[in-house]
Asker: 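Below is a structure I'd like to ask you about.
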Amino acid sequence: MVVYLFLLLLAIASSGFLLGRFKARAAGVGQDVKMHSLDGYHGWFVAAWAGIPAVLLTLLWLLFQGPVIDWLLVGSLPANKVQAIDGGKLQLLVSQIKSVAAGNIFSQPEPFVVEAAERYNRWKDIASWSLFAVATVLALVGLLVARSRISPRFRARNGVETIMSGLMIACSVIAILTTLGIVVSLLYETLRFFDRVSVVEFFTGLNWEPQIPIREGQVTAGGAFGALPVFWGTMMIALIAMLVATPIGLFAAVYLTEYASARLRDVVKPLLEILAGIPTVVYGFFAVLTVAPAMRTFGEAIGLNIAPNSALAAGAVMGIMLIPFISSLSDDAINAVPQSLRDGSYGLGATKGETITKVLLPAALPGIMGGILLAVSRAIGETMIVVMAAGIIAALTLNPFEPVTTVTVQIVTLLIGDSEFDNPKTLAAFALGLVLFLATLVLNVIALRIVQKYREQYD
Amino acid sequence: MTDTQSGLLSSQHDWSSAAARKRVKRRYAADRRLQFYGIGAIALSILLLGVLFSSLMFTGYVAFYTTKVALEVPFAADQFDKDKLGDANYRGIAKTAFLTYFPEVTSRAEQRNLVKIMSSGAPYIIRDFVVANPDRIGSTVTIQVPVSDPFDQLYKGVIPRYIDALGQDRIALFEKLQRRNVIKIEGGKAFAATDIFVNPAEIPDGDITKADLHGMVREGFAAYYPKQTSRAYQEILAEDASTQVLRAKIEAEPGIVGKTVTLMLPLAPAYDELARTGASKIVNPRFGDKAEFVWFDKLISAGAISTPFTWELFTNADSRYPELAGLAGALSGSFFALLVCFLLSFPIGIATAVYLEEFAPKNKWTDLVEVNINNLAAVPSVVFGLLGLALFINTFGLPRSAPLVGGMVLALMTLPTIIVATRAALKGVPPSIREAALGVGASKHQVMLHHVIPLSLPGILTGTIIGLAQALGETAPLLLIGMNAFIPSIENMGLTQPAMALPTQIFSWADSPERGFVSRTSAAIMVLLGFLVIMNILAVYLRRKFERKW
Amino acid sequence: MEHQVVEGSKPVTVPALDPTITARGVNVFYGDKQAIFDVDVDVPRNAITSFIGPSGCGKSTFLRCINRMNDTIPICTVTGDIRIDGEDIYDPRLDVVELRARVGMVFQKPNPFPKSIYENIAYGPRIHGLTRSKKELDELVEKCLEKAGLLKEVKDRMNEPGTGLSGGQQQRLCIARAIATRPEVILMDEPCSALDPIATAKVEELMEELKENYTIIIVTHSMQQAARVSQRTAFFHLGKLVENGDTRQIFTNPSDKRTQDYITGRFG
Ligand SMILES: Nc1ncnc2c1ncn2[C@@H]1O[C@H](COP(=O)(O)OP(=O)(O)OP(=O)(O)O)[C@@H](O)[C@H]1O
Ligand SMILES: [Mg+2]
């Protein structure tokens, strides 16, 4: 249906183009005046007016059709049936009605459900037919109105260009809308979460057991949402990752910028870029397949008990992932130090090593710090490695050989295969998401500030 | 100028003194040390990269060939209904065809075990063949079907027939028994001579059926390990069999109740093996028993086993059985998601970049847009998944698990990359070109459309391809919007149908316990990396080919 | 004091000829910085006018006012009144695009589009819809190349990129491109500064020919060139128009001391 509508709108717009161009051509030939705009612009002008408003209308309509019909549906249900049940059950009821409407009847539904399903189907039909009609009429009206404006003096090019500018502005607003969407949706679900669980518990509680009973009578813990152990695990793994990545990345960058020959650089840099281009799910599998068993074997050999999903394995692999990130940012920072500083140092008879440690690194420190902060932000936001290689159980431990869990692991495990938005378990994921978003945002803003300040200093 | 000052300046430092030499040497040593650390860091990174790739290759290459057994299938015409070719008894056909290799196996129970050597997918493969070639009904056809996963892995040498069941600590526990001469071998089986006190208190009403014989056995055996805190030693006895022995003894001699008897208790299989052969080799628990190996060896010596290339990896949908699982579904899901991602992010990205770079006035508003784009680039991908779940699926009611939603989320993540690349490319077009076009009376939009954008297209495309490559490997947001649905068929693929993507397929296979999925996962990763390499080569090629020196 | 001199020199600058372009009280600002101060000038039809003056005095800035190229610099504002054939070119109702088609421009460095020679010239006529058929366009392209004296050299390589020509050929290609939109005025900002003497001579020859049909303004740093090709000369200094008049008169008998100093090479 929607596909046909779009095809129809496309057809109307294209004929608008042809009609507009044809009329413009005729107008130009008939009277012996010069057209302000090329014929093609007249065509585009008509096509734009025929197509764009109708498409926009269709998209908006489609976005709001579902929620509006749902709302009408709930309103139309018999009052005695609705009042008795709470939000979660209501959602279940609505989805039951929808599946009955789609023809999937498993058990004999109640009569009022069948009735509602019929109503639902009828409304959906009405909605899609009226959308079809309204959009088509809008497109035709747009076409006719735009076409009637064609005359030799009409500035079709300017019209088309205004429309193009409008579209470009609309596109650049999408970036803002995305951020807004993230903030609003996270905030909304988080507030709903804090309706059910206290903020204090979330930020100070030591007990994280989000598995609450889904069916009545199921035996699980009551659900505890003290996220401190989760935050702790996140920081621990990020710390391990940084301990691995920072020295390796930094030394590599120092060597590449100051010691390596151009040929070595040409070989090594692409290799590091490969490391940077590997998807994190691959790192995750690498951790499970190779790194964790290797660590375990090694641990056994020296008498250490290393868990298969230890913080150490996950952190170390994340560190590998971050090496190219740190090295390329440090590389930039060291390269940005002006040659004059190097010359000054060498001129005093300093060795290369002294120049690097006493002059270059201190001068590049802000840039390097910015890079490290960005890497930390990546580390706490990284998901797949920890989902595959770290633990699920939240533990407050200092021992890197034991499993810990992270914010991202919890978000994924809480949401996988679960779409009910009404229990604190699902909502907790959004609360964690908001914390994660804010933490990375702050880190990024600070890091970008530092890097920018640093660049300006040497520009 | 005082004397001391001139003295300080004029006094020559003796560079050739031993102390000075030593000092210089030390400074050079420090320099070399730093260099050494650098080389070490680079070598380590490259080594890790090598380990990563080689471990993937090493585990993954076996997935590119499949162990198959050739079945001679006689398609008798009376087995099929011309109108319902798909409904014949293919299970029976497959089974019969397979059993022809083993005329000697007649017991039903054995046959049932035997058929497990063949993949459970065999009937469907035969069915698909018949449906595709109805004209072959009436003739006998050789069809290659995969063997089941354990035998596939066995034939490829990934898993052994026998495994060492016991670790060093367990063997040490057992050796304690051997040193005390407790273990006896009789009739090809090993036993532990154990003193058991038949405690009348544990036999309520003298009824042995109610007696806690397990407890008695355990208690008696525990006497060998008085100081052990770990209960690992309890695994040594075959406990059920041992209680049978005890029960039989009590039933045979009721008089021993209240006394201590010495019984020869049988050992668990691994320990039995250890006692008799000195090594605890047992049949790999992935297999039933040794008989299966005999059968499988017979197939091999009959020449029925071959290992062709695994086209199924690319043509099959996902499956619970590793030997049948393929990437077709994941590839199509990723294709549709990337298509949506491209169709959205490419025009929007270019429009945004052109607007910001060429048209936008410099003011608070455009600053805000720019800051936004920079920050979006650094938002963790899982947060985009949350956005997709809450906004696209929950609020707008778009379908769950659909490539459409996946593509939309990926598009939002790819936008910053494309915008940044496009702006860089636009900046690269020299102003003289713009002036030339303006000079002949082109409007600003015409300058963009006719000159600047076409000239910066290689740069834009390069950035777009790199962005799409990142999107192709992105996993977390797709997991959150449910694009890890198990879809065992490749019919019904589309923008709004539930689907899998390549990285989520990797994730789900990596999570599966069957051994065959390990190599499948590595193979899937190789496929994914293959696509990424192709895309990156394309990007580099575009950049090299169309790079312009102004 | 200086101001008075400018005022005083004014009677001399008022031309007896039929002016195409008249500028009155033009001021140009780059942000807060003023680059052109209150310039009045008349440019006669079908003649070559040169703008001379020391570097940074605002010649290019003023030239770019005449086809409103300065509109593309966001911080640049122009005040005053500039008319072509009596039509105010800063009238908000006027379409700059059309203006720039009527006032062609040739830049200091040859800047052909990275397209074929043919496309370089056909581009302008195409976007302005100046030809009705492909044949007409072909003819126009040939005519423009012919006029620019380039046809013989490029006849067989019309589809090769314009960027592959020599510097002098490129500049003539840009001139051909400029006349393809059938402008009334051609503005040339140091068109020969990137060329060798032989190429310069060719371009000068071309300008000589073009002046029959076009009004040409050329910015140049070469006194000899100004003296050779132009009928009128305007001397700018520090953003002000110091003197404007018949070329011969300016070079032989300048009325202002600064002009004299400049043309005799005492500063600049
Ligand atoms: N885009 C701009 N932004 C700010 N100031 C500018 C800009 N273009 C020119 N100016 C300033 O305006 C003044 C006049 O510059 P203009 O380019 O017109 O000089 P000119 O006479 O053409 O010099 P030249 O002979 O070197 O080409 C100079 O002081 C210059 O710095
Ligand atoms: Mg200039």
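Every chain is numbered from 1 and lettered A, B, ... according to where its sequence line falls, protein lines coming before strand lines.
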Asker: Would you kindly check if the NZ (Lys) or CZ (Arg) of C:Arg232 is within the cone defined by 45 degrees around the ring axis of C:Phe51 and under 6.0 Å from the six-membered ring centre?
Answerer: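 Geometry flag: not set, cation outside 6.0 Å or 45°.
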
Asker: Taking C:Asp138 first and then C:Lys135, would you say they form a salt bridge - that is, a charged N and a carboxylate O separated by under 4.0 Å?
Answerer: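 Salt bridge absent between C:Asp138 and C:Lys135.
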
Asker: Using the ring of each side chain (for Trp, its six-membered ring), is B:His451 parallel, tilted or perpendicular to C:Tyr123, with breaks at 30° and 60°?
Answerer: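 B:His451 vs C:Tyr123 ring planes: perpendicular.
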
Asker: Quick one: what part of C:Pro112 sits under 4.5 Å from any heavy atom of chain B, side chain, backbone, both or neither?
Answerer: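 Backbone only.
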
Asker: By a 4.5 Å heavy-atom criterion (distance strictly below it), what part of C:Val106 contacts chain B: side chain, backbone, both, or neither?
Answerer: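 Neither part, no heavy atoms under 4.5 Å.
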
Asker: Looking at chain C, which one of B:Lys444, B:Gln446, B:Glu435 has the largest number of heavy-atom pairs inside 4.5 Å, strictly under?
Answerer: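 Of the candidates given, the most pairs with chain C belong to B:Glu435.
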
Asker: Is C:Lys115 close to chain B through its backbone or its side chain, or both, or neither, when contacts mean heavy atoms under 4.5 Å?
Answerer: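 For C:Lys115, side-chain heavy atoms alone lie under 4.5 Å from chain B.
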
Asker: Measure distances from C:Arg64 to the heavy atoms of chain B and classify the residue's part below 4.5 Å as side chain, backbone, both or neither.
Answerer: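 Answer is side chain: those atoms of C:Arg64 sit under 4.5 Å from chain B.
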
Asker: Flag the pair B:Asp367 and B:Lys362 as a salt bridge only when some basic side-chain nitrogen lies within less than 4.0 angstrom of an acidic carboxylate oxygen.
Answerer: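 Not counted as a salt bridge, because no side-chain N and carboxylate O are separated by less than 4.0 Å.
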
Asker: Before accepting this row, confirm whether a basic side-chain N of the pair C:Arg172/C:Glu153 lies closer than 4.0 Å to the acidic partner's carboxylate O.
Answerer: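 C:Glu153 and C:Arg172: salt-bridged.
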
